[in-house]
> 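Structure below; questions to follow.
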There are 2 protein chains.
Amino acid sequence: MPRVGRKEQILEKASGLFSRKGYHATTIRDISEASGILSGSLYAHIQSKEDLLFEITDRGAEHFLQSVRPIVEGEGDVVTKLRKAMIAHVRVIADHLEAATVFFHEWRSLTNERSACIQRKRDKYEGLWSQLLEEGMREGSFRSLDEKFTRLLILSAMNGLYQWYQPAGELTPEEVAERFATILLTGLDYREEVAGREHSG
Amino acid sequence: MPRVGRKEQILEKASGLFSRKGYHATTIRDISEASGILSGSLYAHIQSKEDLLFEITDRGAEHFLQSVRPIVEGEGDVVTKLRKAMIAHVRVIADHLEAATVFFHEWRSLTNERSACIQRKRDKYEGLWSQLLEEGMREGSFRSLDEKFTRLLILSAMNGLYQWYQPAGELTPEEVAERFATILLTGLDYREEVAGREHSG
DNA sequence: CCTACCGATCGGTAGG
DNA sequence: CCTACCGATCGGTAGG
């Protein structure tokens, strides 16, 4: 009889293993052992190994979408929205570090419809950032740059976080996002204070 | 009798397969089939599957080191050196896209001494960028920011390239690096022309 | 959730 | 570089 919460526990263990060893290097026996059951018993809870990967990846995609969409589609000046979106993005990574690692590193191992589903959500998510950047460039708050290029640079810079962020370290997600914003926005932001920005050196 | 250049061909094929499918999802039979020989015959050329991964990864590390080191340790003003280093880094990725993908995505699958060897070279490479950034911050050419944070942001932003760069596309490595520099340096560079930088919008 | 198991495939080897 | 093969392990299943 499946224990209540067992599925969540299995997903937790699988996230940890997939993030550390990679999806293909992790065996069903690794996951079942970490979950305290035998490998055959795992299939009382899941349908396949790829199901686990999909569920972890899909939750990651949903986290990003649901955190950033309300900010992009909400009211407020575009610079503040960009800062908030960056904080939200960094927070998703920092708060779900293992799942984020799997999301960024292992989603290519998904096949067929599952792969396509995640790809659609990734495209949707990138679209939110496009919208934000285009809005800012159109109204003159951001310098007019290649939107696609700028978006890829920002997302790449933030996504790198999963490779070095240490939750036990001294920086909170907000502090990390603030530093990102300081470096990146000062390059983006072309409003009046640019000429007079502080020099801390 | 091993054919001349066969080893290089095998490395080429393995790079392509590892970059598309991942190291663990690629089988010895995949590689041998792509190389036009049978799986047993592969071992006339290599000692193990992991040897292939190591050789691809190690060459990648050497490419980065040998391209960027002379720039960092050479003469010239630090802003120009940063631009040159960025161009060199982007060029390594763009010119060896499959190997770069393996280098960034699969090096964690290496074990023991091989893993440690690559880790040392990665540390050495990061050290070059630290040196460059610290030099620029010390002499006042760059804004005084958290060096480690700035370095990780820059490298993450550039390394994201392997996920979206299309050699058949319209941008040359130099153009890509220039755009990176435009966005990132304007955030870093705090010299006189900052206040009067051009606005292309 | 366990016992017992399966067909397939894996990386790699011996001998030529 | 091929033929023929091996022990180990893989994801997954049947029956309880």
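Per chain, numbering begins at 1; letters A, B, ... match sequence-line order.
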> What is the distance, rounded to the nearest whole Å, between atom CG of B:Leu42 and atom C1' of D:dT3?
16 Å

> To the nearest angstrom, how far is A:Glu50 atom CD from D:dG11 atom C1'?
12 Å

> Where the side chain of A:Tyr43 is concerned, which of D:dC1, C:dC2, D:dG12 is the nearest nucleotide?
D:dG12

> If you define the side chain from C-beta out and look only at heavy atoms, does anything of B:Leu82 sit under 4.5 Å from B:Trp129?
yes

> Using the rule side chain to side chain donor-acceptor pair (under 3.5 Å), only one of A:Asp58, A:Asp51, A:Thr57 pairs with A:Arg114; which is it?
A:Asp51

> Any side-chain heavy-atom pair from B:Glu55 and B:Ile46 closer than 4.5 angstrom?
no

> Would you mind reading off the distance between A:Asp51 atom CG and D:dT13 atom P, rounded to a whole angstrom?
11 Å

> Quick one: the dot-bracket string of DNA chain C, using Watson-Crick and G-U wobble pairs with both distances under 3.5 Å, [ ] for crossing pairs and | for bases paired to another strand.
||||||||||||||||

> Rounded to the Å, how far apart are A:Arg6 CZ and C:dC1 C1'?
9 Å

> Can A:Ser130 and A:Glu147 be said to form a side chain to side chain donor-acceptor pair (under 3.5 Å), step by step?
CA-CA 7 Å; A:Ser130 288; A:Glu147 179 275 318; 2.9 Å; yes

> Nearest whole Å is fine: how far is D:dC1 P from B:Glu33 CD?
16 Å

> Take atom CD of A:Gln47 and atom P of D:dG11, then tell me their distance rounded to the nearest Å.
17 Å

> Hey, does A:Phe149 have a side-chain heavy atom less than 4.5 Å from the side chain of B:Val176?
yes

> Tell me the interatomic distance from B:Leu38, atom CG, to D:dT3, atom C1', rounded to whole angstroms.
9 Å

> Choose from D:dC2, C:dC1, C:dG12 the nucleotide whose nearest atom is closest to any side-chain atom of B:Ser41.
D:dC2

> Going by heavy atoms closer than 4.0 Å, what residues in residues 12-31 of chain A are next to DNA chain D?
A:Thr26, A:Thr27, A:Ile28, A:Arg29

> Hey, does A:Glu106 have a side-chain heavy atom less than 4.5 Å from the side chain of A:Ile56?
no

> Would you say the side-chain atoms of B:Ser48 and B:Glu50 include a donor-acceptor pair closer than 3.5 Å?
no

> Identify which nucleotide among C:dC1, D:dG11, D:dC2 has an atom closest to any side-chain atom of A:Lys49, counting heavy atoms from C-beta outward.
D:dG11

> Just to verify, what does A:Phe64 make a ring-ring contact (aromatic ring centres under 6.0 Å, His included) with, not counting sequence neighbours?
A:His89, A:Phe103, A:Phe104, A:Tyr125

> For A:Arg122 and A:Gln119, does a side-chain donor sit closer than 3.5 Å to a side-chain acceptor?
no

